[in-house]
2 protein chains.
Amino acid sequence: MDSSLRARTTKPVGRDGAEPRPADSPAKTSIDFGPLDQRVGYVLRRAQLAVFQDFFSRFEALDIRPAQYSILTVIERNAGLSQTRIADALGIKKTNLVAMIDALEARGLVRREATARDRRAHALSLTADGRLLMRKLHRISADHEQRIVERLGADVYAGLFAPLREIAAMMGDRDEG
Amino acid sequence: MDSSLRARTTKPVGRDGAEPRPADSPAKTSIDFGPLDQRVGYVLRRAQLAVFQDFFSRFEALDIRPAQYSILTVIERNAGLSQTRIADALGIKKTNLVAMIDALEARGLVRREATARDRRAHALSLTADGRLLMRKLHRISADHEQRIVERLGADVYAGLFAPLREIAAMMGDRDEG
DNA sequence: TATTGTTATACTCTATAACTATA
DNA sequence: TATAGTTATAGAGTATAACAATA
């Protein structure tokens, strides 16, 4: 760690929000976001909300939300998992997962079964209806994703994953849902 | 803690969640996320939550949340703005902005002033305390950002903004907060 | 003692309808 | 009529504390 860290091609992050706005861009009609537009967290949030909104509208007819899709996917790929394990994997508190599983079970998509090994735990799995629904959901999800790939171009799209995973990992990464 | 960083090479979007898992990666201990790890929305959400969590913990001592920081920043850079304009800019419903401004005003950070031009509207601005606090917040925000820059490298970092903005723009982009 | 699932609770964020006072 | 701010309300999402059954 020497001073070379400061000498980057990209200019160091501004110390405050005082980057001067060019005189030819009046704030009367267009709003100045100051440093927000140069913060990866802000841009990340805008992008994430936009993607989730599109996701949500595509899943709306099937009455499935993104969180439910992630739960169903993990159960589909890991049948027999306990609620605590699923909660940990998706970064959901087990206490909050209860009602979510309740809803999916009431709709006949998920099954809670007793296990012989640990009689406290529930082994979760998809019902036939659940598996059928997942086929539709995965198809919708892939269509949605394909639209992003086509918009960004395959290379730019593929290049997003590594840095985003690195950002998620460098912080706590206690949440994956 | 978890297996979030399983480095998959990104490949064309699968039609469903049925990409077979290699036989050498048992699901007993590590959880299979299926298509989730290859969905930009999922990775985006994980990254965004991680960044906000770090943000939140840095701002915690000053009792400021990310949404409050974005509101304060916009007011700081655009003094005199109405609540409706701020709400639109940040993608917050004006009805939900009321309580947020109430809290900031009660803490003496923001001022609501009557305007002669339109007696229905409030012109918002920061108080002296508000401006003082913002200096600290911008410094914290810049430190947080610098950590990400150093972790990713300046080029990778800089390359994130364009595709993320494009993703935000290609969908509705009704939310910018 | 520790853990699994659970209830109860609370706070934030988000969303809609309806009101008031202005325009 | 329409708009700015507001109130009331309701639904998700997320957080902690505490409990019964089981390990």
Side-chain angles (χ1 to χ4, degrees), chain A residues 42 45-46 48-50 52-53 55-57 59-60 63-71 75 80-106 110-124 172 174-177, chain B residues 42 45-46 48-50 52-53 55-57 59-60 63-71 75 80-106 110-124 172 174-177:
Chain A
Y42 178 77
R45 176 165 143 82
R46 279 194 4 218
Q48 190 260 312
L49 282 171
F52 263 48
Q53 195 192 353
F55 227 82
F56 181 79
S57 66
F59 281 7
E60 202 170 19
D63 195 20
I64 290 290
R65 310 171 137 280
Q68 293 177 312
Y69 176 63
S70 70
I71 292 170
I75 295 178
L81 236 49
S82 72
Q83 293 183 193
T84 298
R85 294 254 292 147
I86 291 176
D88 288 348
L90 292 174
I92 302 170
K93 301 277 172 195
K94 65 178 183 176
T95 165
N96 292 325
L97 186 64
V98 175
M100 301 184 193
I101 301 291
D102 283 351
L104 296 174
E105 195 181 30
V110 162
R111 214 177 359 234
R112 274 193 254 232
E113 284 170 318
T115 79
R117 209 182 103 266
D118 185 339
R119 276 157 52 205
R120 294 171 304 180
H122 295 157
L124 298 183
R174 63 137 178 60
D175 192 306
E176 298 196 54
Chain B
Y42 179 76
R45 177 165 141 80
R46 279 197 359 225
Q48 189 261 312
L49 282 171
F52 264 48
Q53 194 192 354
F55 226 82
F56 181 79
S57 65
F59 282 6
E60 202 170 20
D63 196 19
I64 290 289
R65 310 170 137 281
Q68 293 176 313
Y69 175 63
S70 71
I71 292 170
I75 294 177
L81 235 50
S82 71
Q83 295 183 192
T84 299
R85 294 253 294 146
I86 291 176
D88 287 349
L90 291 173
I92 301 170
K93 301 275 172 195
K94 65 176 182 178
T95 164
N96 293 325
L97 186 64
V98 175
M100 300 184 193
I101 301 290
D102 283 350
L104 296 173
E105 194 181 30
V110 163
R111 216 178 355 238
R112 276 192 253 231
E113 284 169 318
T115 79
R117 211 182 100 265
D118 186 338
R119 277 157 51 207
R120 296 170 302 180
H122 295 157
L124 299 183
R174 66 137 176 60
D175 190 306
E176 300 198 54

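Note that the coordinates shown come from a computational prediction; the quantities given were computed from them, not determined experimentally. Below, chains carry the letters A, B, ... as their sequence lines are ordered, and counting in each starts from 1.
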Min side-chain heavy-atom separation B:Gln83-B:His122 under 4.5 Å: yes
Please report, rounded to the nearest Å, how far the P atom of C:dT4 is from the CG atom of A:Asp88. 8 Å
Min side-chain heavy-atom separation B:Phe59-B:Arg65 under 4.5 Å: no
Non-hydrogen side-chain atoms of A:Ile71 and A:Ile92 separated by less than 4.5 Å: yes
A:Gln83 has an atom CD; how far is it from atom P of C:dT3, in whole Å? 17 Å
Ion pair present between B:Arg112 and B:Glu105, side-chain N to carboxylate O less than 4.0 angstrom? yes
Nearest whole Å is fine: how far is C:dC13 P from B:Phe52 CZ? 10 Å
To the nearest Å, how far apart are B:Phe59 CZ and C:dT12 C1'? 18 Å
Send over the distance from A:Ile92 CD1 to D:dA12 P, rounded to a whole Å. 15 Å
Between C1' of D:dA12 and CG of A:Leu97, the distance in whole Å: 15 Å
Taking only side-chain N and O atoms of A:Arg112, does any of them lie within less than 4.0 angstrom of OP1 or OP2 on C:dT6? yes
Quick check: do A:Leu81 and A:Leu124 have side-chain heavy atoms less than 4.5 Å from each other? no
So A:Phe55 and A:Tyr69, would you call those rings parallel, tilted or perpendicular, with 30° and 60° as cut-offs? tilted
Measure from CD1 on A:Ile101 to P on C:dT4 and round the result to the nearest Å. 15 Å
Heavy-atom nearest nucleotide on DNA chain C taken for A:Asp118 and for B:Arg120; more 5' hit belongs to A:Asp118
Are OP1 or OP2 of C:dA23 and a side-chain N or O of B:Arg119 less than 4.0 angstrom apart? yes
What is the distance, rounded to the nearest whole Å, between atom NE2 of A:His122 and atom C1' of C:dT6? 9 Å
Straight-line distance of A:Leu97 CG to A:Ser82 OG, nearest 0.5 Å: 9.5 Å
Detail all sub-3.5 Å separations between protein N/O atoms and N/O atoms belonging to nucleotides 7-11 of chain C.
| residue | atom | partner | partner atom | Å |
| --- | --- | --- | --- | --- |
| C:dT7 | O4 | A:Thr95 | OG1 | 2.6 |
| C:dA8 | N6 | A:Thr95 | OG1 | 3.2 |

